[in-house]
Amino acid sequence: MTKFADLNLNPKVLKAIEEAGYESPTPIQEGAIPAALEGRDVLGIAQTGTGKTASFTLPMITRLARGRARARMPRSLVLCPTRELAAQVAENFDTYAKHVKLTKALLIGGVSFKEQDAAIDRGVDVLIATPGRLLDHFERGKLLLTGIEIMVVDEADRMLDMGFIPDIERIFSLTPFTRQTLFFSATMAPEIERITNTFLSAPERVEIARQATTSENIEQAVVLFKASRKDREATEKRRVLRALIDQEGESVQNAVIFCNRKMDVDIVAKSLKKYGYDAAPIHGDLDQSQRTKTLDGFRDGALKILVASDVAARGLDVPSVSHVFNFDVPGHAEDYVHRIGRTGRAGRDGKAITICSTRDEKLLEAVESLVQKEITRLENPVKVEPRKPRKTAADTDAPKEEKRTRSRKTADKPEKKTEEKVEAAANTNTSTQTEQKPQRGRGGKGRNDRRDDKVVVGMGDHLPSFIALSFAERRAG
DNA sequence: AAAAAAC
């Protein structure tokens with residue numbers, strides 16, 4: 001079996017690898033490192049979790065260990081689709097370059113330019129960046145890409161999904177064509193194929209068998225969920241989620257809960273917190289310091305439940321998670337594979353439970369045909385409640401709160417939008433919660449009096465018809 | 001129907 005020691009890496013890099021506790025390269029590393037060390041282009045087809053990052057950082061450090069960077073002329077460039085991924089790559093450089101003198105800068109959005117500018121001015125060997133911020137620096141004339149010796153494109157298929165390909169092409173065109181290019185993608189979509197044909201020359205192609213289906217040690221289940229009433233769908237769905245978490249009990253060491261929308265990420269996280277769960281949200285509308293803080297807390301075990309958008313579905317290096325819950329069935333079946341791949345890593349067992357609303361059954365079919373198996377149906381852990389009186393105070397309250405959320409959303413205060421949404425969502429929750437508890441009588445117009453539907457409360461029978469509709473329906477109609 | 005990424 002090949003050892004790192006057989007790979008011609010810089011002895012100082014080997015020492016750091018050893019200290020990190022590694023001895024043998026993964027298949028992608030074994031395939032990519034020798035070619036990269038020879039200065040050849042590499043086309044790596046592999047997913048996260050295969051050791052992809054080290055397959056380019058190790059040879060890069062070895063090659064960059066000689067020579068020094070000049071001001072504003074970085075010697076190498078790594079492009080990543082998300083800020084978190086870029087930060088992870090930077091950490092990887094720190095780990096393996098700790099015995100080598102190497103300077104680096106992390107150029108990502110959401111943080112101030114000042115420190116980034118200063119680092120570039122000093123001169124860096126490695127620039128790790130998301131495309132938007134990199135081009136921003138370039139356009140300010142702060143950066144020259146003509147000194148790039150090695151360029152890495154990480155997670156190219158995700159860049160494609162996110163519409164970054166024009167940016168990537170532009171960045172390629174700003175670097176010398178003599179550069180070495182290391183290009184990584186999980187799939188080879190036609191557009192990716194085109195890019196590699198244009199910008200790579202005689203690459204060493206290293207392909208790691210794709211996890212076409214999901215790993216065997218992940219137990220998968222789905223709960224088919226139907227709301228008792230349209231306007232209570234969101235509330236009841238959150239309730240199903242809590243019941244599922246409770247049902248798993250102690251076996252939930254840590255979990256990621258995925259939602260399809262950022263707003264739901266906020267609402268679900270807020271709601272879980274309210275009910276005493278240790279949960280925090282992460283998505284692209286939260287500011288960067290918050291994102292970093294939350295993710296760090298989750299990594300070191302201080303936070304138990306991460307409620308996430310698909311920002312966390314791919315590429316995020318979250319240590320093995322015991323559970324993944326899909327609050328929504330993902331809109332793209334492939335994302336299902338990425339999401340549940342957050343659990344069952346490194347041979348450990350994991351469990352993935354998906355909540356599927358009636359309207360998402362088509363999406364579930366798509367998922368099942370992709371993973372090529374039928375996902376075990378789980379009984380809805382929330383028992384059907386005895387029929388409730390048709391109208392309660394909460395029923396008239398809740399839509400009012402929603403209405404407020406909506407009008408606030410249109411206010412021109414973009415910087416506070418997210419915060420207000422959460423706040424409004426929390427208000428919605430409050431009324432929701434009340435809804436499930438027995439109502440206290442209120443000036444003789446208590447619950448019992450209303451059972452016969454005789455007493456007029458709030459708007460009484462004169463409910464504008466749109467109020468009874470869900471948000472989605474209002475928007476659609 | 002969405003998320004991500006620049007200010």
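Numbers restart at 1 for each chain; the letters A, B, ... are given by sequence-line order, proteins then strands.
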In whole angstrom, give the distance that lies between atom [atom1] of [X] and atom [atom2] of [N].
X	N	atom1	atom2	result
A/Met263	B/dA3	CE	P	10 Å
A/Asp285	B/dA4	CG	P	7 Å
A/Ile171	B/dA5	CD1	P	15 Å
A/Glu233	B/dA1	CD	P	16 Å
A/Asp136	B/dA6	CG	C1'	5 Å
A/Asp264	B/dA1	CG	P	15 Å
A/Asn326	B/dA2	CG	P	18 Å
A/Arg140	B/dA6	CZ	P	13 Å

Using a cut-off of 4.0 Å on non-hydrogen atoms, how would the nucleic acid contact of [X] be classed: base, sugar-phosphate, or nothing?
X	result
A/Arg291	sugar-phosphate
A/Gly110	sugar-phosphate
A/Gly284	sugar-phosphate
A/Pro81	sugar-phosphate

Quick one: which of [options] gets closest to the side chain of [X]?
X	options	value
A/His332	B/dA6, B/dA4, B/dA2	B/dA2
A/Glu84	B/dA5, B/dA4, B/dA6	B/dA5
A/Arg261	B/dA3, B/dA6, B/dA5	B/dA3

Contact list for residues 122-147 of chain A, test ring-ring contact (aromatic ring centres under 6.0 Å, His included), sequence neighbours left out: A/Phe113-A/His137

Please identify each residue that fulfils side chain to side chain donor-acceptor pair (under 3.5 Å) with [X], with sequence neighbours left out.
X	value
A/Ser185	none
A/Asp246	A/Tyr277
A/Asp328	A/Lys237
A/Glu169	A/Arg194

Would you mind checking if A/Arg158 and A/Glu334 are paired as a salt bridge, meaning a charged N to carboxylate O distance below 4.0 Å? no

Check this for me: does any side-chain nitrogen of one of A/Glu139 and A/Arg170 sit under 4.0 Å from a carboxylate oxygen of the other?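 Salt bridge: yes.
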
Near DNA chain B, counting only heavy atoms under 4.0 Å, which residues of residues 360-368 of chain A show up? A/Asp360, A/Leu363

Are A/Thr130 and B/dA4 close enough that a side-chain N or O sits under 4.0 Å from OP1 or OP2?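 Indeed not, no polar side-chain atom of A/Thr130 lies that close.
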
